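Keep in mind it's a predicted model, so treat the numbers as computed, not measured. Quick note on labels: first sequence line is chain A, next is B, and so on, each numbered from 1.
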Protein chains: 2
Amino acid sequence: MAESEWEAALRSHGHRVTPQRLAILRMVSAIRHPTAESIYEAMGEAEPSLNLSTVYRNLAVLQEVGLVTHAHIDAKAPVYHLAAEPNHIHLSCLTCGEVTSVQPETAAAFAERVATDTGFQIRPGHSAVYGFCPKCSTNT
Amino acid sequence: MAESEWEAALRSHGHRVTPQRLAILRMVSAIRHPTAESIYEAMGEAEPSLNLSTVYRNLAVLQEVGLVTHAHIDAKAPVYHLAAEPNHIHLSCLTCGEVTSVQPETAAAFAERVATDTGFQIRPGHSAVYGFCPKCSTNT
DNA sequence: CTATCTGCAAATAGTTTGCGTACTC
DNA sequence: GAGTACGCAAACTATTTGCAGATAG
C-alpha cells in the first residue's frame, strides 16, 4: 500500500496527515512485531523527539481508520501490524518467545470451520496461539 | 480433580499447602474466566483478608506446579483456568467482549494441521482468537 | 523450630489523560 | 484562522517486590 493511500484513508475519516502518523505507519510496516514501545524507540533514531503518548494516540487513530490492527502475543505489550498484511495467525513460543505465523490457508480453513461450528467470525490478524516452536519442542 | 490431588501436586514440587492456595484453586475452577483481580474480589467474600499479591504469587506457583494455565483473552488482564480442563481455544468477541470456546475436536484438528505444516506444537488452553460472535457479526 | 508463606506498602511497567502550544488544512 | 494534533508531565491500571510477622511441616 502506497503512502498516498494511507493519506487518503486518514483524510476520509476526518483525520489529518502528519509526519508522525506517516512515520509510525512506516515503522509498523518495517519492524517485524512492533510494540508501541519498540516503535517509539526505533523512531527515536529516525525522527527525533517523537513522544510515546503520540505513538499510542496515533496507533489508536490508525486502527480506527482501519490501516493497522494489533494482536496480543505475549503477556506484556500488544504488537501491531498493517491491516493490509495477509491474514496470518501468530504463533508464539512459550519457551523462547519467538513469533512465527500459520500459513494463511490453514488459518482460513480453521476460521471457516469455527464459523460453521459456532457462527463466530474470526479475525486472524488479531489472534495469537501459544505453544512450542519446533526448536523448543524437540529439546524438551 | 479432587483437592487431595491438588495437595499432592503442590507437595511433590516442594510447596506447602495453605488455605489460600486451596481457596484460589477453588475459585479458578468455580469462576468462568477469572482474572487475578476477579479471583481476589470473589475471595473477599468467602475468605476475608486475602491479599492481591498473594493471589498473584500463588497463581504463579500453581502454574509452575502445572495445576493452572492462563490465556490472554483481551487487552488487559490474563485469565486463568485449571490445566485439567479440556483443551479448548478461547474465542473473544472484539465488539461485546464475550468469551466462548471452540470445540475441542476443532481445536485438535487445527493443532494437528499446524504441527504438520510448521512443526509448531500448539497449547490450545493458552490461546485466544479474536473476532465477532454470532450476535455481533449479524448486527454489523 | 525453621523455612516458606502471607499481608502490607511501596516500586515498576505499560498505557492514558489534561493542558498549553504547534501545525494542518 | 480554526481546530486537530503534539509534547510534556502527571495519573492510572495491572503486576511485582522488600520486609517483618505468621504458619505449615
Atom CG in B:L67, atom CG in B:L62: separation rounded to 0.5 Å? 6.0 Å

If an axis is fit to five pairs at each end of the helix from C:dC1-D:dG25 to C:dC25-D:dG1, what is the angle between the two, to the nearest 10°? 40°

Partner set under salt bridge (Lys or Arg N to Asp or Glu O under 4.0 Å) for A:E85, not counting sequence neighbours: none

B:E64: side-chain contact (heavy atoms from CB on, under 4.5 Å) partners, not counting sequence neighbours: B:H15

Report the distance from atom CG of A:L52 to atom P of C:dT16, rounded to the nearest whole Å. 10 Å

With sequence neighbours left out, write down each residue that passes salt bridge (Lys or Arg N to Asp or Glu O under 4.0 Å) with A:E98, or none if nothing qualifies. A:K135

Could you tell me the separation between the NE2 atom of B:H13 and the C1' atom of C:dC5, rounded to a whole number of Å? 18 Å

State whether A:Y56 places a side-chain N or O below 4.0 Å from either non-bridging phosphate oxygen (OP1 or OP2) of C:dT15. yes

For D:dA5, does OP1 or OP2 lie under 4.0 Å from any side-chain N or O of A:N51? no

By ring-ring contact (aromatic ring centres under 6.0 Å, His included), B:H81 pairs with (sequence neighbours left out) B:H88, B:H90

Qualifying residues under ring-ring contact (aromatic ring centres under 6.0 Å, His included), relative to B:F120, sequence neighbours excluded: none

Holding to salt bridge (Lys or Arg N to Asp or Glu O under 4.0 Å), I want the full list of residues that pass it with B:E37, two or more places apart in sequence or in another chain. none

Using OP1 and OP2 only, check whether a side-chain N or O of A:Q20 sits under 4.0 Å from C:dC23. no

Please list all pairs meeting side-chain hydrogen bond (donor to acceptor under 3.5 Å, both in side chains) that have one or both residues in residues 53-63 of chain A, counting only residues at least two apart or in different chains. A:R21-A:N58, A:N51-A:S53, A:Q63-A:H70

How does protein contact run along nucleotides 18-25 of chain D, one letter per nucleotide 5' to 3', with B for base contact, S for sugar-phosphate only, - for none, heavy atoms under 4.0 Å? B----BBS

